Student: 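One structure is given below, represented as C-alpha cells, and several questions about it will come after.
Note that the structure is a prediction, hence the values are computed from the model and not measured. Letters A, B, ... are given to chains in the order of the sequence lines, protein chains preceding strands, and every chain is numbered from 1. The analysis underlying the following values was restricted to heavy atoms, covering all of them including side chains, and did not include hydrogens, waters or symmetry mates.
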There are 4 protein chains.
Amino acid sequence: MQTELAGKKKTKPVKKGKVNRRAELLQKAGELMADKGYEGASMRNIADAVGILPGSVYYHFESKEALFEELHRNIVAAMTQRVKDAVAEFTDPWDRLEAAACAHIEGLLETGNQVAIVSPGFARQPEGIESVVREERRTYEDIFRMLLDALDLPEGTDRTLMRLSLFGTLNWAPVWFQPGGTYKPSDIAHQHIGVLRRAYSG
Amino acid sequence: MQTELAGKKKTKPVKKGKVNRRAELLQKAGELMADKGYEGASMRNIADAVGILPGSVYYHFESKEALFEELHRNIVAAMTQRVKDAVAEFTDPWDRLEAAACAHIEGLLETGNQVAIVSPGFARQPEGIESVVREERRTYEDIFRMLLDALDLPEGTDRTLMRLSLFGTLNWAPVWFQPGGTYKPSDIAHQHIGVLRRAYSG
Amino acid sequence: MQTELAGKKKTKPVKKGKVNRRAELLQKAGELMADKGYEGASMRNIADAVGILPGSVYYHFESKEALFEELHRNIVAAMTQRVKDAVAEFTDPWDRLEAAACAHIEGLLETGNQVAIVSPGFARQPEGIESVVREERRTYEDIFRMLLDALDLPEGTDRTLMRLSLFGTLNWAPVWFQPGGTYKPSDIAHQHIGVLRRAYSG
Amino acid sequence: MQTELAGKKKTKPVKKGKVNRRAELLQKAGELMADKGYEGASMRNIADAVGILPGSVYYHFESKEALFEELHRNIVAAMTQRVKDAVAEFTDPWDRLEAAACAHIEGLLETGNQVAIVSPGFARQPEGIESVVREERRTYEDIFRMLLDALDLPEGTDRTLMRLSLFGTLNWAPVWFQPGGTYKPSDIAHQHIGVLRRAYSG
DNA sequence: CATGAATGAGTCTTCATTCAT
DNA sequence: TATGAATGAAGACTCATTCAT
C-alpha cells in the first residue's frame, strides 16, 4: 500500500489531527509521477491532488527537484525494507533470491507502479539529481548483488549479466502488466528465477 | 546507425549536395526522443539540431505527432528487416531465436536506443496515436511470438512469460549499457538465450 | 460605459485601492473584441491593455473561450436589464417597443459597440461555445419577440421580418455611427419605429 | 453567380486553354473570405483552393492586402452593375428603389455572401486599405442616395436615416438568413420597402 | 501555512511573406 | 509560372517559481 511505502517517514512531528501535508504531497506526487512521469506531473497537478494551490507547495519543498529527491529516497527505503523482510524468511540462497525478486516486483506493481520511479528508465528525471539518485539506487541493487553472490554457480557464470537480466525482466513488467489479468506479479519473478534455477542448479 | 534505419526509404532521388531535411529531421528527432522522451524532445530542440527554426519543421511534417508516427513506422520497419535478415541465416529454432534477440538488442543499442521509441513503455507518447503505433508494434512482436512457438519446449511452459522476460532483459539494457564497456550488445542476448536453452533443452 | 455593464456582478467585495483584475480584464477584453473581433483580439493585446503578461491572464480565466463566455454572459445580462428597465416605464405597446429599441441601440453605441459581441454576426466567435452563447442571445431576443407580439397589427403582417429588420437597422449602426455627429443613438431607433408606426397603425 | 461577379475582369489577356489563375484566385479568395473573414481566410487556404502552393500566390498578387483590394473592387463593380441593371427596368421611384434593394440583397445572399465583403461590418479588413475601400463603397452607396432623393417624401423626412436603416436591414441579413428557409432574399427587401411605401406615400 | 497574483521562459502551432531555382 | 524551403513574428497556453499578505 502506498501509505506504508511513503507515509512512515515523518521527519518532523506533526501536531493536531491535521493531515501531514508533507507526507500527503509526497504520496500524491508519487502516484502522479508514477503515472505520468516526472515532467508529466506538474506542480499544479500535485497541489490539486492535495487540495492546495501550486504556490503553497513551496512552503513544504524547495523545488520540484527537492520533492522528487525526497520521494525517491522514501521509495528506495521502503523497497529496501520490503525486500530485506522478504529475504529474512528464507535460508536457501535460491529461495532468498526468489523472495527478493517477488518483493521487488510486488512493490513495483502493487503500489500503482510508484516504484518505477526508482529505476533509471523512469521517464527523464531532472538532470541535476542523477548523482544523488543513482547512489541510492546502487545501494538498493547491492542487495541483489549479494544475493547472487551467495548462489553456488558453475565457474565462469557472469553474475552481473544475471542480475541485469533479472532487473530487466522485473522492471519491464510495469510496461505490459495488467492488474487483474492472467498473471500475478509474483508469477513473473517466479518464472524467471525458476528458469535460472533449472539452468544452473538443475 | 540511424541512417541505416531510416535512410532506405527515399522515394524521390535527392539532389546532389543538398541535404534531405525530412530524413535529417527524422534522424535528429529519433535521437532526441530516444534520449529525452516524446515530450522531452521539443520541436525547438529538433529544429535546432537540424539548424532551422521551429516553425520550419512544419513545412516537412504536419505536427509533432505526425513526425513521431513516421519515425515510429520507420524504426519498426527497419527493425523488422534487421531481425528477419538475421533469423534467415539459421534453421535451428534456438539459433533463430538467439539471432533475433541479437539483432534486436544491436538495433537498440547501436541506434542510441532509438528503438526504445517503439516500446510500449516509451515515455509519454502522444495519446491520439496509440492505436496506429500499437498495431505496428504488435506486428514486430509477432516475429518473436512465432520464433518461440517454433521451440520444442516441455508441456506447460508459458511462452508468453518467456517472451516478456526476454523483451524485458533486452529492452532494459539501454538503461545501463555503456558502449565500449565490458559487454558487447550481443552478450546480453547470448546470455539470456543461453540460460533458456540450458533450462529447457538441456 | 462598460463599467456599468459588467461591474454590477461583484460577488466578493474588492479590497480598497487594489484593482479588480477580473473585471478589468473583462472590460478591456470587451473593448478589444468589440473593436477587432474575437480572433482579432489576442490574449497578448488583452494582457497588455491591463498591464500584465499574457500568461497571467490564465490565472483569472481558464481560456480565451472562458473569458469570452463570461463576457458574453455579462453583456447579455446587462442589456436585458437595461431594456427591461426602459420598457417598464411605458404601457402603450408601440411606446414599449420604441423604448426597448432605444435602450438597445444606446447600449450598443455607448459601450463602444460591445454589444455587437452578442450578435450572431459577431466576427468569428469560437466554435465550441456557440450553443451556450446562442441560448443567451435567444433569451435576449425573446424580449423583442414579445414586444412585437403585443402590437396590434393588420392580419398577415410578418413579425419575424419586422424584428429582423429592426435588429438590422439597430445593429448595423455601429458600422457607421459617429459619436458627436448629427445623430443621437436614440434617433435611429426613433426613426425606424416611427416608420413602422405610421405604416401599420396610422 | 460567382463567375459573373468576379470573373469578367481579366486585366491581362490570357493565352491558351489554361485557366486564368488571377481570376481563379480572386474567386476562391472571395468565397473563403466571405465565409471566414479576411483574417480567417489564410493564404494557404486560398492557394489550396486553387491547387497551388502559398508562395505561388505572390506571383499573382503583391500581398494579401493587394488581393483583397482587387477583390473588393471587383465586387463593388459587379454589384454596381447588378443594381443599375435592375433599376433600369422601372420608372416609378419607389419601384426603382425596391428593384435596387432586391438586387443588393440578392447579390449579398445568392453569391454565397461574397458581397458582405463590401460592407464595413466585414470582419476586420486590413487597416491600411480602409481608405481605398471606403471610397469605392461610397460610390456604390451613392446609387441609393440618388434613388432616395428621387422619392416624393413629406417635408422634413430624413433620407440619410432612411438609407442607413435600409442598408442595416439588408446587410444584416447574412447574419441570420438561411438559404432554403422560409424567406427568399427578395422578401427582405420587399417587406422593408413595403413598410416605407405605406408610411410615406400611403 | 496558505493564498492571490504575477512572472518569464517555454510549449506546439499558424501565418504572411521571401527567394533561389 | 510555380515550387521547395525557409523565416520571423505572433497565436493560445503551460509550467515552475516567487513573494507580499
Side-chain angles (χ1 to χ4, degrees), chain A residues 14-16 18 21-22 39-47 50-67 126, chain B residues 12 15 18-22 25 39-47 50-67 126, chain C residues 12 15 18-22 25 39-47 50-67 126, chain D residues 14-16 18 21-22 39-47 50-67 126:
Chain A
V14 195
K15 335 128 195 186
K16 290 185 290 184
K18 253 266 174 172
R21 274 288 144 81
R22 256 188 101 76
E39 310 222 288
S42 73
M43 290 300 255
R44 189 175 302 270
N45 292 161
I46 296 166
V50 165
I52 61 177
L53 292 186
S56 309
V57 178
Y58 289 81
Y59 177 82
H60 304 280
F61 298 94
E62 231 189 9
S63 67
K64 196 183 182 185
E65 291 203 2
L67 167 54
Chain B
K12 290 179 183 177
K15 292 162 199 166
K18 253 275 172 167
V19 266
N20 184 350
R21 273 290 141 80
R22 254 190 99 78
L25 281 165
E39 309 219 291
S42 74
M43 290 301 255
R44 199 184 300 273
N45 293 160
I46 296 166
V50 166
I52 60 178
L53 293 183
S56 306
V57 178
Y58 289 82
Y59 175 78
H60 303 278
F61 298 93
E62 238 188 4
S63 64
K64 195 183 182 184
E65 290 204 1
L67 169 53
Chain C
K12 291 178 183 177
K15 292 163 201 166
K18 252 275 170 167
V19 265
N20 184 350
R21 273 288 143 80
R22 255 189 98 77
L25 281 165
E39 309 220 291
S42 73
M43 290 302 255
R44 200 184 301 271
N45 293 159
I46 296 167
V50 165
I52 60 178
L53 293 183
S56 306
V57 177
Y58 290 82
Y59 175 78
H60 303 278
F61 298 94
E62 237 189 4
S63 65
K64 195 183 182 185
E65 289 203 4
L67 168 53
Chain D
V14 196
K15 335 130 195 184
K16 290 184 289 183
K18 254 265 173 174
R21 275 288 144 79
R22 256 188 101 77
E39 310 222 288
S42 73
M43 290 300 257
R44 188 174 302 269
N45 292 159
I46 295 166
V50 166
I52 61 177
L53 292 184
S56 309
V57 178
Y58 289 79
Y59 176 82
H60 303 280
F61 298 94
E62 233 188 8
S63 66
K64 196 182 182 185
E65 291 202 5
L67 167 54

Student: Starting at CD1 of Ile46(C) and ending at P of dA10(F), how long is that distance when rounded to a whole Å?
Tutor: 16 Å
Student: Nearest-Å distance, NE2 (His60(D)) to C1' (dT1(F))?
Tutor: 7 Å
Student: Just how far, in rounded Å, is P of dA6(E) from CZ of Phe61(C)?
Tutor: 12 Å
Student: Mark up nucleotides 11-21 of chain F, 5' to 3', with B wherever a protein heavy atom is under 4.0 angstrom from a base atom, S wherever such an atom reaches only the sugar-phosphate, and - elsewhere.
Tutor: BSBBSSBB---
Student: As a check on the pairing definition, encode DNA chain E in dot-bracket form, counting Watson-Crick and G-U wobble pairs whose two distances are under 3.5 Å, and using | for partners outside this strand.
Tutor: .||||||||||||||||||||
Student: Please give, in whole Å, the distance from dT3(F) P to Tyr59(B) OH?
Tutor: 10 Å
Student: Classify Ile52(A) by what it touches in the nucleic acid, base, sugar-phosphate, or nothing, heavy-atom distance under 4.0 Å.
Tutor: sugar-phosphate
Student: Could you give the distance from NE2 (His60(C)) to CD1 (Ile52(C)), rounded to the nearest 0.5 Å?
Tutor: 5.0 Å
Student: Output the distance between atom CG (Leu67(B)) and atom CZ (Phe61(B)), rounded to the nearest 0.5 Å.
Tutor: 5.0 Å
Student: Do you know which two heavy atoms are closest between Lys64(A) and Met43(A), and how far apart they sit?
Tutor: CG-SD, 3.7 Å
Student: What is the separation between atom CG on Leu53(A) and atom C1' on dA2(E), rounded to the nearest whole Å?
Tutor: 8 Å
Student: Applying side-chain hydrogen bond (donor to acceptor under 3.5 Å, both in side chains), name anything that partners Ser63(C), two or more places apart in sequence or on another chain.
Tutor: none
Student: Considering all heavy atoms of both residues, which atom of Gly40(C) and which atom of Asn45(C) are nearest to each other, and what is their separation?
Tutor: O-OD1, 3.5 Å
Student: If only side-chain N and O atoms of Arg21(A) are considered, is one of them under 4.0 Å from the OP1 or OP2 phosphate oxygen of dA2(E)?
Tutor: yes
Student: Nearest heavy-atom pair of Ile46(B) and Ala41(B): which atoms, and what distance?
Tutor: CD1-O, 4.4 Å
Student: Expressed as a whole number of angstroms, how long is the span from Asn20(C):CG to dG4(E):C1'?
Tutor: 12 Å
